[in-house]
Amino acid sequence: MPLQEIEAGRMRLNYQDVGAGPVTVVLLHGFPFNSTLWRPQIPALAELHRVIAPDLRGFGASQLSAEPYTIARLADDVAELLDALGLRRAVIGGLSMGGYVAFEFFQRHRRRAAALVFADTRPDPDSPEARADRARMAELARSRGSRAVVDELLPRLLSPWTRAQKPEVERALREMMGAANPEAIAAALMAMAARADSRPLLPQIEVPTLVVGGTQDSLTPADQLLEWGRQIPGARVELIEAAGHVSNLERPEAFNALLLDFLSSFASTWAQSP
Ligand code: MLT
């Protein structure tokens, strides 16, 4: 899957752009991953749809710039990517930090979100304790590098089932996270700590929405996901058995089936124009 690039703000943003079809889906990766997170989704979706998966600023092959690093900036990067591709609207989907970006995209560019997918994420902001922990971890990334952050985060990401049955998922994540730039890790941690409270947006979301998460996600627990997901009018809220926080990698067949079914529910009526 070749990477392509655009200029966004004052930096180079890389992205994968695969497939064609009535629906364009933008997939936003979590922290501290990159667009290869979506390796199991891209070919499956691209049989029917156009799939665009950027490396968010500082991750994968996208540059880190001197501009302030905020979730709002990441959302504007997505809007600039759509501009560069001549796309007025797209389905915007994100996992975890990618979900925070999707909420912010809806806040800032809502007419451009034709539909939304929130995977293993949450609309509420960090608690003071969580913010302090982000600052500690940012310092860890700067002083001891990405691997130290991976060692701390990785055990929390996957379900016990995945760790026991699919060691290759843990290996792939370790590699992806270990390759992340420590400066981008620190910048993204502080951006997540400062993110807005997206809960007031929930009742305002009027486009088709899929909320999905793992039943064993310890970072964005299933009961909370069901609770906030149901505040989005008409949203489809689904749990994936035995999956943890990276449900798209842990149970790709189940995740793809939900996503494809969701996209097909409006693909025939969806047009690029408003
Ligand atoms: C992620 O997977 O993107 C992170 O767990 C998000 C977070 O730390 O809040």
Side-chain angles (χ1 to χ4, degrees), residues 26-39 41 53-60 62 69-75 77-78 92-105 117-141 146 148-159 162 169-170 172-182 184-199 211-214 216-222 224-225 228 240 243-251 255:
V26 178
L27 295 175
L28 306 172
H29 62 80
F31 164 88
F33 309 141
N34 59 53
S35 61
T36 64
L37 175 75
W38 302 111
R39 207 191 296 273
Q41 280 68 53
D55 286 332
L56 296 176
R57 190 175 278 253
F59 292 96
S62 289
Y69 196 109
T70 62
I71 298 297
R73 179 63 252 180
L74 297 180
D77 287 347
V78 176
I92 307 294
L95 182 132
S96 198
M97 181 178 79
Y100 307 158
V101 179
F103 277 121
E104 193 63 39
F105 183 93
V117 179
F118 296 108
D120 300 290
T121 191
R122 62 197 320 152
D124 45 310
D126 276 3
S127 64
E129 297 74 29
R131 282 195 194 110
D133 199 51
R134 303 260 198 215
R136 181 192 60 77
M137 212 179 299
E139 184 45 41
L140 183 70
S146 315
V149 174
V150 176
D151 288 341
E152 196 166 314
L153 277 186
L154 194 51
R156 298 189 229 157
L157 295 180
L158 301 174
S159 69
T162 304
V169 172
E170 189 163 346
L173 270 188
R174 182 176 287 283
E175 192 180 324
M176 195 190 316
M177 295 163 75
N181 172 353
I185 288 181
L189 282 163
M190 298 322 289
M192 289 192 285
R195 74 184 186 278
D197 183 353
S198 295
R199 286 173 296 187
V211 178
V212 55
Q216 297 180 22
D217 185 340
S218 59
L219 295 181
T220 49
Q224 293 176 21
L225 185 115
W228 68 258
I240 298 182
H245 186 60
V246 197
S247 57
N248 73 306
L249 281 187
E250 299 181 67
R251 299 282 318 279
F255 190 96

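In listed order, ligands and their atoms are each counted from 1. The figures that follow rest on heavy atoms only: side chains count, while hydrogens, waters and symmetry mates do not.
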Original post:
Would you say the side chain of V26 lies within less than 4.5 Å of the side chain of F105, judging by non-hydrogen atoms?
Top reply: no

Subject >> Contact (N/O only, under 3.5 Å) between R195 and ligand 1 >> reply: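 N/O-N/O distance under 3.5 Å: no.
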
Original post:
Is there a nitrogen or oxygen of G30 sitting under 3.5 Å from a nitrogen or oxygen of ligand 1?
Top reply: no

Original post:
Looking at atom 9 (O) of ligand 1, what's its closest protein heavy atom, distance included?
Top reply: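 Its nearest protein heavy-atom neighbour is Y100 OH, 2.5 Å.
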
**OP:** For atom 7 (C) of ligand 1, grab the closest protein heavy atom and report residue, atom and distance to one decimal in Å.
**Re:** R134 NH1, 3.3 Å

Subject >> Any H29 heavy atom less than 4.0 Å to ligand 1 >> reply: no

Original post:
Can you tell me if H245 has a non-hydrogen atom under 4.0 Å from ligand 1?
Top reply: yes

Original post:
What do we get for L219 next to ligand 1 when only non-hydrogen atoms under 4.0 Å count, side chain, backbone, both or neither?
Top reply: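 The side chain, only.
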
Got a second to check how far [X]'s [atom1] is from [Y]'s [atom2], nearest 0.5 Å?
X: L56; Y: I71; atom1: CG; atom2: CD1; result: 8.5 Å
X: Q224; Y: R122; atom1: CD; atom2: CZ; result: 5.0 Å
X: Q41; Y: N248; atom1: CD; atom2: CG; result: 4.5 Å

Subject >> S218 side chain vs R156 backbone, donor-acceptor pair below 3.5 Å >> reply: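 Side chain of S218 to backbone of R156, a donor-acceptor pair under 3.5 Å: yes, one is there.
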
Subject >> S96 neighbourhood, listing ligand 1 atoms whose heavy-atom distance to it stays under 4.0 Å >> reply: 1 (C), 2 (O), 3 (O), 4 (C), 5 (O), 6 (C)

Subject >> N-O pairing of R174 and D151 below 4.0 Å >> reply: yes

